[in-house]
Protein chains: 2
Amino acid sequence: MNNKVNVKEKFIETASKLFQIKGYNATGLNEILAKSGAPKGSLYYHFPKGKEQLALESVNLAGQKIITNVINALDSIENPVEAIKFNIENIAIIIDNEQKTSDISISLIALETYLTSEILRKACDEIFTSLENIYAKKLIKSGISKDKSYELGCVIAAMIEGGITLSLTKKSGDSLRILAKQLPNLINI
Amino acid sequence: MNNKVNVKEKFIETASKLFQIKGYNATGLNEILAKSGAPKGSLYYHFPKGKEQLALESVNLAGQKIITNVINALDSIENPVEAIKFNIENIAIIIDNEQKTSDISISLIALETYLTSEILRKACDEIFTSLENIYAKKLIKSGISKDKSYELGCVIAAMIEGGITLSLTKKSGDSLRILAKQLPNLINI
DNA sequence: GTCTATAATGAGATAGAC
DNA sequence: GTCTATCTCATTATAGAC
């Protein structure tokens, strides 16, 4: 049964990467099975409700990793502007090096599923809200008012998601670097 | 042949809506054909290269409409901050009323295709760049330096694309309204 | 030139052997 | 409990009648 857990985790990790990079609709179960090295029956044993259930657990795993990365970046620098700049510049480097995104953004899955799967929409909604709150709390610590911090948290989350979209489309982290450069104008401490 | 043009335009208009709302991968040619009221042979007569060619013309049509909407909004108010706020608030209202996006954003198509179709990636890249330049030129008119205006154009485009993603996922235009409210902090004239 | 019929492939899902 | 074989359906694309 130790193996059972590992098989299920392997499914989720493989699916999480593929869903983020290629998208929900472009990723077939066959591809996930091939990369996991397991047969189809095994997948439906672990995920009786099929693709949507696998996607839900995949999105949640991706969300955990993204949130952890952001928290680590923000915790490494005390000044919130410098900390968020550091976080954005890290993402820019990843996009320049890899030209695709895993554990960076769930925008693609969110946009693909918000109309067709209420379960997945809610999962993405919660992750976006968590990210906004993480940025907000960093700002509150530095003395910015609670109300303004939560509004800026939303703006920062939107900027970063949009910046990732632009950078991926342009195949260059420069769009994100411009965001980072202009961040001090937005947050006047 | 007048009819011929109309049939082709009808294909592009129908496909453009569906690709934007449901995404490239989730939209089948059969659905486009059904909503266009034309047979399959007709589609491949007008678009010999199939789905990708239809998508390219659909993305370009969507881009034209999005750009026209932004230009009209920006032209209606002289102050650039108020003009861009007006544009963002318009999009928020549309999302609240329709819960889906047509002629508002190409983020979904961009994220779906940047890895799989160089043709579609470039088309999306050009539209994003056009939007950035439109915002930049509005700022230049108000006396902001050229360099800073182009950087802010990029930031505004990213913010809006990300804000649309958040608002659609949350089923509420409020995320976009928060962006609009915080915009004056970013652009200090 | 327009459209019907069909090919060829791959998808998600399931039944049932062991 | 695990896996193989298969089912059903939808997809893109094409061949060929008219």
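Please read these numbers as outputs of a predicted model, since none were measured by experiment. Sequence lines set the chain letters: A, B, ... in the order given, protein chains first and strands last, and positions in each chain run from 1.
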Inset, instruction - Indicate whether the side chain of B/Thr165 and that of A/Glu161 have a donor and an acceptor atom separated by less than 3.5 Å. - result: no
Legend entry - Test item: side-chain donor near acceptor, A/Asn30 and A/Lys40, under 3.5 Å: yes
Legend entry - Summary of protein contacts for nucleotides 10-18 of chain D, nucleotide by nucleotide, where a base hit scores B, a sugar-phosphate-only hit scores S (4.0 Å, heavy atoms): -BBBB----
Legend entry - Nucleotide C/dA11, atom C1' - distance to CG of A/Leu43 in whole Å: 14 Å
Legend entry - Separation of atom CG in A/Leu33 from atom C1' in D/dT4, rounded to whole Å: 13 Å
Inset, instruction - Among the candidates D/dG1, D/dC3, C/dC3, find the nucleotide nearest to the side-chain atoms of B/Pro39. - result: C/dC3
Inset, instruction - Taking atom types as modelled, find out whether B/Ser58 and B/Lys17 have a side-chain donor-acceptor pair closer than 3.5 angstrom. - result: no
Legend entry - d(CZ, B/Phe47; C1', C/dT2) in whole Å: 15 Å
Inset, instruction - Specify whether A/Phe47 and A/Phe11 have parallel, tilted or perpendicular ring planes, treating 30° as the upper limit for parallel and 60° as the lower limit for perpendicular. - result: perpendicular
Inset, instruction - Using modelled atom types only, decide if a donor and an acceptor are shared between the side chain of A/Ser105 and the backbone of A/Thr101 within a distance under 3.5 Å. - result: no
Inset, instruction - Give a yes or no on whether a salt bridge exists between A/Glu118 and B/Lys171, defined as a side-chain N under 4.0 angstrom from a carboxylate O. - result: yes
